[in-house]
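So that the names make sense, note that chain A is the first sequence line, chain B the second, and so on, each numbered from 1.
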There are 2 protein chains.
Amino acid sequence: MKYDLTKKPTRGAQRTLASFSTTMINLLSKEPFEKISVNKICNISNFPRATFYNYFDDKFDLVDYCWYVIAQEIEVDKVTELKSNKTLIIYFDRLYDVFKDNQPLLDNILLYNDFSGQLVNSFVNYFKNTVQEILEQSIDYSKTGLPVELMADHCSETVILVLKWIFLKRHDADKKLAHEYLEKLLNLDQFI
Amino acid sequence: MKYDLTKKPTRGAQRTLASFSTTMINLLSKEPFEKISVNKICNISNFPRATFYNYFDDKFDLVDYCWYVIAQEIEVDKVTELKSNKTLIIYFDRLYDVFKDNQPLLDNILLYNDFSGQLVNSFVNYFKNTVQEILEQSIDYSKTGLPVELMADHCSETVILVLKWIFLKRHDADKKLAHEYLEKLLNLDQFI
DNA sequence: TTCAGATTTAGACACTTGTATAAGCAATAG
DNA sequence: CTATTGCTTATACAAGTGTCTAAATCTGAA
């Protein structure tokens, strides 16, 4: 990403970022990711290509920014409840809500893109990394006798696995059932 | 993949496939995947671009074929030991050996490519799918009370997680320690 | 050895990509 | 109000992509 998201954006930059990302999200509901070119995005958004490349490295970069926008729904109140061992469940629940809110978008995306293709992969990866960063700092894995990073990796993969199962592979499950899956897969009682 | 790998290839086709794949593997040890173009591959291999596109859809397709070639080391005696619950460990061991044999290649690849980039991802994914296909048919998950596919997915992700930890993130571990990780992460006693 | 069917190849096509330059415009500090 | 700074944009470039044609070449079965 060429644009620095930490500094607060000017009004113009906000407009530009919003324009590109909504165009991308709209296109994702209409055609496969390979068919979406930077040219097309720029024509629809009415910006020249040069502007696109002022903000993003390529279309993968933009699509990652889209996931970032979606992920904002969770991360607003990031501070609360850290350092507790319940972090995992709390984060799982938040992601569950975000995925549920975006179910229509996900359905459309899967209409045009392979489950194991680049696009769905980038989506899944984005959220996996989100979870992993949180878990590495906030969970006490000392009871497991395994390396912290390995364990954090395993937990975040499992959280995402269950969400994939429910929202991408469409085996609908309410939060209660989802928790049951998560607890069985992770053996949660061993370290919570 | 445009070329049909099930039918037995002519001598010419064998030469072509081998030429393209060894060129790709060589290049992967020398530069990042983005810098490798179909043009470059064809120049080095001394084939015209048209021939490349007779066999592969694009360079991702070729790189997948490379993983297929590497994976052949395991799958020769695929038949033995199926339908046993020890399949998981047996396959883990085989993959452990394959990854170990290809450690120098992996090291080079990681010199030029991000751990979470497209290339490493395609490698990891290829082997994850390999494991998953095997596990879905051959393990009895009835004791876990979880959907079969979910469980098979979780097991294959965990197998690959441990291998990534050891061979890509370079936390060297012998087979004994690797088994210990796997058993703790998967709670193997619950269903083996 | 021959020959029909399949593969390979040269060349061209329309298109995308990422970068670079210089001109234009807008917002801010003095 | 204006000078300066920084972002936007028009345009051009060298390179890559994937597809298509028709001619050349190979191959395997008779």
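- Between B:Thr10 and B:Ser37, the one whose closest nucleotide on DNA chain D sits nearer the 5' end is B:Ser37.
- For the pair A:Tyr53 OH and C:dT21 P, the interatomic distance rounds to 18 Å; values are reported in whole Å.
- We find that CE of A:Met1 is positioned 15 Å from P of C:dG18, with the value rounded to whole Å.
- To the nearest angstrom, C1' of C:dT8 lies 14 Å from CG of B:Leu17.
- Between A:Lys35 atom NZ and D:dT17 atom C1' the separation is 13 Å, expressed in whole Å.
- Contact between the side-chain N/O atoms of B:Asn39 and the OP1/OP2 oxygens of D:dG16 is found at a separation under 4.0 Å.
- Nucleic acid contact for B:Tyr55: sugar-phosphate only, since backbone atoms but no base atoms lie under 4.0 Å from a heavy atom of the residue.
- For A:Thr51, a side-chain nitrogen or oxygen approaches OP1 or OP2 of D:dT9 to under 4.0 Å.
- Contact annotation for A:Asp58: backbone-only contact, meaning every heavy-atom pair under 4.0 Å involves sugar-phosphate atoms and none involves a base.
- Within the nucleic acid shown, B:Lys40 has no heavy atom closer than 4.0 Å to any nucleic acid atom.
- Nearest-nucleotide positions on DNA chain D place B:Lys59 closer to the 5' end than the other of B:Lys59 and B:Arg15.
- Residues B:Tyr141 and B:Glu136 have side chains not in contact (no heavy-atom distance under 4.5 Å, counting atoms from C-beta outward).
- Going from atom CG of B:Asn54 over to atom C1' of D:dC26 covers 14 Å, rounded to whole Å.
- When only modelled atom types and interatomic distance are considered, A:Ser116 and A:Asp114 share no side-chain donor-acceptor pair under 3.5 Å.
- Between B:Asn39 and B:Ser37, the side chains place no donor N or O within less than 3.5 Å of an acceptor N or O (distance only, hydrogens not considered).
- Rounded to whole angstrom, the span from the OH atom of B:Tyr3 across to the C1' atom of C:dA6 amounts to 11 Å.
- Aromatic ring orientation, A:Phe56 versus A:Tyr65: tilted (interplanar angle from 30° to 60°).
- Side-chain nitrogen and oxygen atoms of B:Lys2 include at least one within less than 4.0 Å of the OP1 or OP2 phosphate oxygen of D:dT19.
- Side chain of A:Ala50, nearest nucleotide from D:dT19, C:dT17, D:dA10: D:dA10.
- One interatomic measurement links the two molecules: CD1 of A:Ile36 to C1' of C:dC15, which rounds to 17 Å at whole-angstrom precision.
- As a whole-Å value, the separation of B:Asp61 CG from D:dT19 P is 11 Å.
- Among the heavy atoms of the strands, none lies under 4.0 Å from B:Lys8.
- Relative to the side chain of B:Arg49, the nucleotides D:dT9, C:dT19, D:dT19 differ in distance, and D:dT19 lies closest.
- Rounded to the nearest 0.5 Å, atoms CG (A:Leu110) and CG (A:Leu28) are 11.0 Å apart.
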